[in-house]
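All values reported here derive from a predicted model rather than from experimental measurement. Lettering follows sequence order; numbering is per chain, from 1.
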Amino acid sequence: MSQSAVDVPPKGGFSFDLCKRNDMLTQKGLKAPSFLKTGTTIVGLIFKDGVILGADTRATEGPIVADKNCEKIHYMAPNIYCCGAGTAADTEAVTDMVSSQLRLHRYQTSRDSRVITALTLLKKHLFSYQGHVSAALVLGGVDITGPHLHTIYPHGSTDTLPFATMGSGSLAAMSVFEAKYKEGLTRDEGIKLVAEAICSGIFNDLGSGSNVDICVITKGNKEYLRNYMEPNPRTYVSSKGYSFTKKTEVLLTKITPLLERVEITEVGEAMEE
Amino acid sequence: MSIFEYNGSAVVAMVGKNCFAIASDRRLGVQLQTIATDFQRISKIHDHLFIGLSGLATDVQTLYQRLVFRHKLYQLREERDMKPETFASLVSAILYEKRFGPYLCQPVIAGLGDDNKPFICTMDSIGAKELAKDFVVSGTASESLYGACEAMFKPDMEAEELFETISQALLSSVDRDCLSGWGGHVYVVTPNEIKEKILKGRMD
């Protein structure tokens, strides 16, 4: 089979074969497309028994809200979750990739994953792409050495903190944390503080909005509270719905009947010895 | 001018009760000149899975051919059709592979999954999946489409009402966009049949 017939790059990773063409188009005056960004407010804090992560749920494409209820808290391991801000495709791809690497590592070592393992894998990948993979992450989890919370910047630098915020709403959320955080918070106090910080991002930052997602990770247990708070429900929903005055004019109709989908399970014969 | 405004496009998909509808406009242009009024933007992958691609027309056709190739290989290996969720992950991976020199199109994927549950999703040009439970839009008319769908959509519509809603949303949105229009092409898919309809719209 010739090289051109196989379209998967031999070792995985990125392929750069359309770069030259896209550069040529940009030089001719056609602007490159904007990517889906998660404007975002993402936060994390360490409480008495573990880590609480929080995120808003708005995804923007320029000034338009593309997704009113997206998921920004990504699964990494049963005891580790990661919130992502920045270019949506980059945060999803990088967290998926490290999540599979962690699973393979768990199979090899027969041990639960540690948060610093995920941290090192993420920072190595992001640094090697020099910030072009635009993913800003808040990584939190509880492993055998205790609860951990880290922030990872797109260029690959990391911080280890008791409470952290990232994204365009990070200043709004950080002001709430700086005023009200104290060590040794209980689970309910911690959830209340995280929800308050995300709400301050939702209401004051234009890049964040919609609902609050929260994830509570403790030793041996995790709780993913999707849409924990919905402070922005749809107002004035018309119960009548829309009535169209004029029906659409159809020029041509083609109906293709489909055969019913039948599952064929063949009962094979046993192999002869 | 943005690269997506070179050819002009509008694609929308909506979820109904055990059915889905996917619709697109029919114009193919080169900036402000129209060169075709019957361009096919929505393609069938298998009987219960459709993909609509908006953006640069050459990438629309190339990407469609690549995806059909990968799906045929999958059919040969697995002896069954791909589920819509799996196909969405495949498209996302193919687009992200070209992260630093992307295909200049935005796909809209619509299909019927297990138990005839409708599935729709859209992606940006580098594969960031956006799953929705109601409707997804893409193309140069996307801002108007967001507004029209947000107002006209109702959950759990039957096939006839879904067809009417998606057609009205599409035609009213492309009327406000110079680069898309010249009629509409709608597919309404239920577990038993595929209804393909060509709509009459403003030809300007």
Side-chain angles (χ1 to χ4, degrees), chain A residues 5 7-9 12-23 25-26 29-38 59 61 63-71 87-93 129 132-133 234 238 241-242 244 246-261, chain B residues 1-6 47-48 55-56 59 66 69-70 92-104 106 116 122-133 142-143 146 151-154 163-165 167-168 171 183-184 186 189-201:
Chain A
D7 84 310
V8 181
F14 295 123
S15 101
F16 296 93
D17 52 358
L18 291 178
C19 285
K20 213 166 163 197
R21 175 201 73 159
N22 288 359
D23 274 340
L25 286 168
T26 318
L30 294 167
K31 272 183 13 237
S34 70
F35 303 137
L36 193 76
K37 286 201 178 284
T38 52
E61 199 160 1
I64 307 287
V65 177
D67 194 350
K68 290 187 283 186
N69 205 359
C70 69
E71 277 185 39
T87 303
D90 288 332
T91 57
E92 275 177 41
Y129 284 98
H132 290 287
V133 175
R234 179 101 182 265
S238 157
Y242 222 82
F244 301 115
K246 217 169 71 162
K247 271 177 93 74
T248 23
E249 259 187 79
V250 177
L251 292 174
L252 173 76
T253 312
K254 192 167 102 173
I255 303 182
T256 316
L258 296 173
L259 301 163
E260 240 190 68
R261 281 201 281 198
Chain B
M1 200 188 232
S2 151
I3 222 126
F4 287 125
E5 291 169 16
Y6 187 73
D47 280 340
H48 289 109
L56 197 64
D59 280 349
R66 287 241 155 105
F69 167 65
R70 296 291 291 269
S92 178
I94 287 180
L95 292 174
Y96 193 71
E97 197 192 312
K98 305 246 186 280
R99 162 71 173 86
F100 298 115
Y103 284 115
L104 300 162
Q106 287 168 326
N116 296 324
T122 185
M123 285 167 217
D124 68 349
S125 54
I126 46 174
K129 261 188 294 196
E130 191 200 307
L131 309 165
K133 294 196 171 67
S142 60
E143 294 179 23
Y146 275 125
M152 297 180 190
F153 179 82
K154 273 194 330 251
F163 164 72
E164 195 59 42
T165 308
S167 312
Q168 293 275 357
L171 290 176
V186 187
V189 180
T190 57
N192 305 319
E193 63 179 12
I194 303 174
K195 251 195 219 158
E196 181 190 338
K197 294 194 188 194
I198 310 248
L199 307 173
K200 177 173 165 177

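- The choice from B:K133, B:M123, B:E143, B:E193 that makes the most heavy-atom pairs within less than 4.5 Å of chain A is B:E193.
- Here the side chain of B:R99 pairs a donor or acceptor atom with the backbone of A:H132 at under 3.5 angstrom.
- With a 4.5 Å cut-off on non-hydrogen atoms, B:S125 touches chain A through its side chain but not through its backbone.
- In this structure, the portions of B:K195 lying under 4.5 Å from any heavy atom of chain A include both its backbone and its side chain.
- Among all heavy-atom pairs drawn from B:T190 and A:L258, the shortest one is O-CD1, 4.1 Å.
- Interface residue B:Q106: only side-chain heavy atoms are found under 4.5 Å from chain A.
- Heavy atoms of A:V65 lying under 4.5 Å from chain B belong exclusively to its backbone.
- With a 4.5 Å cut-off on side-chain heavy atoms, A:E249 and B:L171 do not count as touching.
- Remark: A:T87 OG1 to B:D124 CG distance equals 8.5 Å, nearest 0.5 Å.
- Checked by atom type and distance alone, the side chain of A:N22 pairs as donor or acceptor with a backbone atom of B:P102 at under 3.5 Å.
- Neither the backbone nor the side chain of A:E71 comes within contact range of chain B; no heavy atoms are under 4.5 Å apart.
- Of all non-hydrogen atoms in B:K98 and A:S15, the two that sit nearest each other are NZ-OG, 2.6 Å.
- The closest side-chain donor-acceptor pair between A:K31 and B:S2, if any, does not fall under 3.5 angstrom.
- Contacts between B:L199 and chain A at a heavy-atom distance below 4.5 Å involve backbone atoms as well as side-chain atoms.
- Contacts of B:K129 with chain A are made by both backbone and side-chain atoms, with heavy-atom separations under 4.5 Å.
- Heavy-atom pairs under 4.5 Å with chain B were tallied for A:K247, A:K246, A:E92; the largest tally goes to A:K247.
- Heavy atoms closer than 4.5 Å to chain A are found nowhere in B:S92, neither backbone nor side chain.
- With a threshold of 4.5 angstrom between heavy atoms, B:A93 does not approach chain A through any atom at all.
- Aromatic ring pairs are classed by plane angle as parallel below 30°, tilted from 30° to 60° and perpendicular above 60°; the pair A:F14 and B:F100 is perpendicular.
- Comparing A:V250, A:T248, A:N69 by heavy-atom pairs within less than 4.5 Å of chain B, the highest count is held by A:T248.
- Both the backbone and the side chain of A:L252 come within less than 4.5 Å of a heavy atom of chain B.
- Note: B:T122 OG1 to A:D67 CG = 10.0 Å, rounded to the nearest 0.5 Å.
- Of the atoms belonging to A:F16, it is side-chain heavy atoms, and not backbone ones, that fall under 4.5 Å from chain B.
- Interface summary for chain B: among A:T253, A:V133, A:D90, the most heavy-atom pairs under 4.5 angstrom belong to A:D90.
- Heavy atoms closer than 4.5 Å to chain B are found nowhere in A:D23, neither backbone nor side chain.
- By the 6.0 Å contact criterion, CZ on A:F35 is enclosed, its count of non-hydrogen atoms from other residues, nucleotides or ligands being greater than 12.
- Put simply, the side chain of A:L30 does not reach to within 4.5 Å of the side chain of B:E5, judged on heavy atoms.
- If you measure heavy-atom distances from B:L95 to chain A, you find no contacts under 4.5 Å at all.
- Per-residue heavy-atom pair counts under 4.5 Å with chain A were compared for B:A132, B:S167, B:G55, B:G101, and the maximum is reached by B:G101.
- Contact between B:A128 and A:A89 at its shortest, heavy atoms only, is CB-N, 3.4 Å.
- For B:F153, no part lies under 4.5 angstrom from a heavy atom of chain A.
- Both the backbone and the side chain of B:Y96 have a heavy atom closer than 4.5 Å to some heavy atom of chain A.
- Taken to the nearest 0.5 Å, the NZ atom of B:K197 stands 11.5 Å off from the CG atom of A:L251.
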